[in-house]
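The chains referred to below are lettered A, B, ... by the order of the sequence lines, with proteins before strands, and numbering in each begins at 1. As the structure is a prediction and not an experimental result, all values here were calculated from the model.
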Amino acid sequence: MKKYLTFLYDCFRLSFVGDWRYHLWMTSLTVLTLVGVYAYCQQLVHGLVTTGMTDQVSWGLYIANFTYLVGLAAAAAMLVIPVYVYRNLHLHDVVIFGELLAVAVIIMCLLFVTVDLGRPDRFMHLLWRFNFPLSMLTWDVIALNGYLLLNLHICGYLIYCAYCGRRPSPLFYVPFVFIAIVWAVSIHTVTAFLYVGLGGRPFWNSAIIAPRFLASAFAAGPAFIILTLQIVRKYTRHEVSDEALLTLRRIIQVAMLINMFLLVCEIFTEFYTDSAHVASARYLYFGLHGHRALIPWIWTAIAMNAVATILLVLPASRGLKLLNLVCVLAIVGIWIEKGMGLIVPAFIPTPLGEVVEYVPTWHEILICLGIWAVGLLIYTIFVRVSVPVLAGEVTYQRRAGGPDRERLSTSEATY
Amino acid sequence: MSDPHAQRPEDKSAVPSDQTTWTRRRFLSRSVVALAGMSAVAGAMSPLRHLDPQDLPSLDEFLQKHYKEMTPQDKEQVFARITQSVQTRFGVDATVSDPPPLEDVEFVYGLNLSRCIGCRRCVHACVEENNQSRAPEIQYIRVLEMEKGSINVESSEHHYDPPLVPNPDKYYMPVQCHQCAKPPCVKVCPVEATWQEPDGITVIDYDWCIGCRYCEAACPYWARRFNFAEPQIPSEELNPEVGYLSNRPRNKGVMEKCTFCLHRVRQGRLPACLEVCPTGSRKFGNVRDPASEVAYILRHKRVYVLKEDVGTVPRFFYYFDERGSRYREPMVEKSGAQEGTG
């Protein structure tokens, strides 16, 4: 127990150690977080009237970000499957970064849901009367928290073992790794089912939402990981091979192709049928009765995704510069498409045919930025701590034994 | 914020602490960082000072049970607290009632599309009866001005505002909660804060709702409303006869909806929207009683169910008339029913 507390203390201390760039980065994130807290406190005082949401469009940027981030959490699964199922060892050393990302991202998801609540103080009612299995939201609560715990356990166990200088016993983590793979698929499916199961919203009420959700998630997640790994490789001494990045590129390639194919299926079904249910899609892509707010967004997203897909198919994207561009395009394109493009149009027009557009307020945007800052803060700390610990530079023995201590402080100074 | 500058000199001294001595300079610089950090956090949370103490749940409120789990004694205490809070908020003595559902009663509502003139009196009577927020405005009934030759809500006009109604070229369709027999809003609620009563009315425990608005997304009739801000009602307009499950004043952050005026109809009265209707377009009653008006209409008239395809089996229906239709006998000369819209 003492050992574990020492471990936590060392992690805590490590997270404050770094060069000026690290401090600048962390301070900026902290400032952004505090600005978010400020905006959220105002929301607590005045109510959700500080947001752009209305009875007509009753979910907005919060739920949009939530939806996108659930997708991002897939990154972990997409790194784990090649390593543990296909024994592709290029990715072996980087799996943990995916799992840590999943932890940070799920925390962000939970924050986004919390800020969307009108009465967060009644959170405990979930434990008292849990409408399971009827409400898909209760399924989502289980799926997300379960996924958080699984990944916390896997990462925590591996890092703690490295800290103690002992080999992790497969029995304690490999079964969880496999459960987490299935669980990763479930968080997307369940989150998609949140929307899909509503008969009153024809835009969502389509079987293609869940598979498309998975496809875009399996593109955006690994794209984010590719960028992160290069940052890790640049600023720490952790080795990340180009092969690992290229393996991820192949995953994004396939996922993006499937995503674009499903998009074509969706658009064809909507517009060729051209039934009364096409109104939301028409609003999204072409505008409805002169209301055109989402058109620039969705076409930007489609253009970004299309360019990313074409570049991914070309061999040229094996070069890292182009690959990075592809990743940024995919991340942003899917953020728009899964966020504003999936959530908002389902409310426009309303079930009674009224067209009320949604524009997020600054309050809402600042709260969102704040939550993103929290997520990045958590993830930076995770990476900051796990790299030296996994490399065996910070261990319990070193801390206890005298002479090694000098080395510890010098090695820390290099990060 | 001064954090970046305060933190940077820290770098050099950031070696593991047990080895270094606590010099004065080190102590001072650390204190400055800690102070700056704490004041930044305090600054960020400063808006909370505007929080109305009324808004904070008291311990009793925090521990209050779900409506269905309350014992009669619990209810007594809760109702006393509600009376108290209405007194503090509005300076009005309210009586809280909680009439139980009646035996062998299932309420349904019929609306005569041949008669409705779109005067929106029902909308305003409802707001007054049920203590909806006047600012921001919350209304349970939305009257649609429909194109003749179509019953598609998407071509309807929600914000018609002529000096006189009815417009002879249009017809009017009020929409409110349909009290579905298979309510999607109840299904999706994660905390069972909304449920269907034995007499068919779907209610909300405003003290249990967490404000996730999933029910609002699920409703195919756009019948649910959310309190985005603290509801404002002038004290003199407050209806002091309040029901726990229906028209007691709500707080911000929770859902609300039409309850067919549950506190009235369970005591033998009619819904406020029906009582005020100048054309008799609204019919309400117990469908299990074959002698009731609604049972007669369902047996004999041409009935239309809005969005029957979503399969929620509403207890609210529209019907058409031959005789008495305002399209046959223009009401213009007949009565003062013509009203400016409100």
May I ask you to name which of [options] has the most heavy-atom pairs under 4.5 Å with chain A?
options                               : answer
B:Cys189, B:Ser156, B:Pro136          : B:Cys189
B:Leu48, B:Leu306, B:Val310, B:Ile138 : B:Leu48
B:Thr312, B:Asn152, B:Leu51, B:Asn227 : B:Leu51
B:Gly211, B:Pro47, B:Pro220           : B:Pro47
B:Cys209, B:Ala193, B:Gly43, B:Pro184 : B:Cys209

message: Counting heavy-atom pairs under 4.5 Å with chain B, which one of A:Ala39, A:Cys41, A:Gly47 comes out on top?
response: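 Ranked by contacts with chain B, first place is A:Cys41.
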- prompt: chain A contacts: which residues in residues 59-67 of chain B have a non-hydrogen atom closer than 4.5 Å to it?
  reply: B:Phe62, B:His66
To the nearest 0.5 Å, what is the distance between [atom1] ([X]) and [atom2] ([Y])?
X        : Y        : atom1 : atom2 : value
A:His46  : B:Lys252 : NE2   : NZ    : 8.5 Å
B:Tyr214 : A:Asp116 : OH    : CG    : 13.0 Å
B:Met255 : A:Ser58  : CE    : OG    : 7.5 Å

Enumerate donor-acceptor pairs with a distance under 3.5 Å from any side-chain N or O in residues 343-355 of chain A to protein atoms, sequence neighbours excluded.
{"residue": "A:Thr350", "atom": "OG1", "partner": "A:Leu352", "partner atom": "N", "Å": "3.2"}
{"residue": "A:Thr350", "atom": "OG1", "partner": "A:Gly353", "partner atom": "N", "Å": "3.4"}
{"residue": "A:Thr350", "atom": "OG1", "partner": "A:Glu354", "partner atom": "N", "Å": "3.1"}
{"residue": "A:Glu354", "atom": "OE1", "partner": "A:Gln56", "partner atom": "NE2", "Å": "3.1"}
{"residue": "A:Glu354", "atom": "OE1", "partner": "B:Arg142", "partner atom": "NH1", "Å": "2.9"}
{"residue": "A:Glu354", "atom": "OE2", "partner": "B:Arg142", "partner atom": "NH1", "Å": "3.4"}
{"residue": "A:Glu354", "atom": "OE2", "partner": "B:His159", "partner atom": "NE2", "Å": "2.8"}

- request: May I ask you to decide if B:Ala217's main-chain N or O and A:Arg201's side chain share a donor-acceptor pair within less than 3.5 Å?
  value: yes
task: Verify, without hydrogens or angle tests, whether B:Trp222 (side chain) and A:Asp55 (backbone) share a donor-acceptor contact under 3.5 angstrom.
output: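 Yes: the side chain of B:Trp222 pairs with the backbone of A:Asp55.
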- request: Quick one: list whatever passes side chain to side chain contact (heavy atoms under 4.5 Å, CB included) with A:Thr114, sequence neighbours left out.
  value: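 If we apply the side chain to side chain contact (heavy atoms under 4.5 Å, CB included) test to A:Thr114, skipping adjacent residues, the hits are A:Pro120.
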- request: Using non-hydrogen atoms and a 4.5 Å limit, figure out which bit of A:Ser28 sits close to chain B: side chain, backbone, both or neither.
  value: neither
Contacting moiety of A:Leu194, where chain B heavy atoms sit under 4.5 Å: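 For A:Leu194, heavy atoms of backbone and side chain both lie under 4.5 Å from chain B.
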task: Could you tell me which non-hydrogen atom of A:Leu117 sits nearest to which non-hydrogen atom of B:Cys212, and how far apart they are?
output: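 Shortest heavy-atom separation between A:Leu117 and B:Cys212 comes out as CD2-CB, 3.6 Å.
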- prompt: How far apart are the closest heavy atoms of A:Arg122 and B:Tyr206, and which atoms are they?
  reply: NH1-O, 2.7 Å
- prompt: Between A:Asn131 and B:Val191, is any pair of side-chain heavy atoms under 4.5 Å apart?
  reply: no
Close side-chain approach of B:Phe226 and A:Leu48, heavy atoms under 4.5 Å: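 Side chain of B:Phe226 against side chain of A:Leu48, heavy atoms only: contact under 4.5 Å found.
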field: side chain to side chain donor-acceptor pair (under 3.5 Å) against A:Tyr163, all qualifying residues, sequence neighbours excluded
entry: A:Asp10
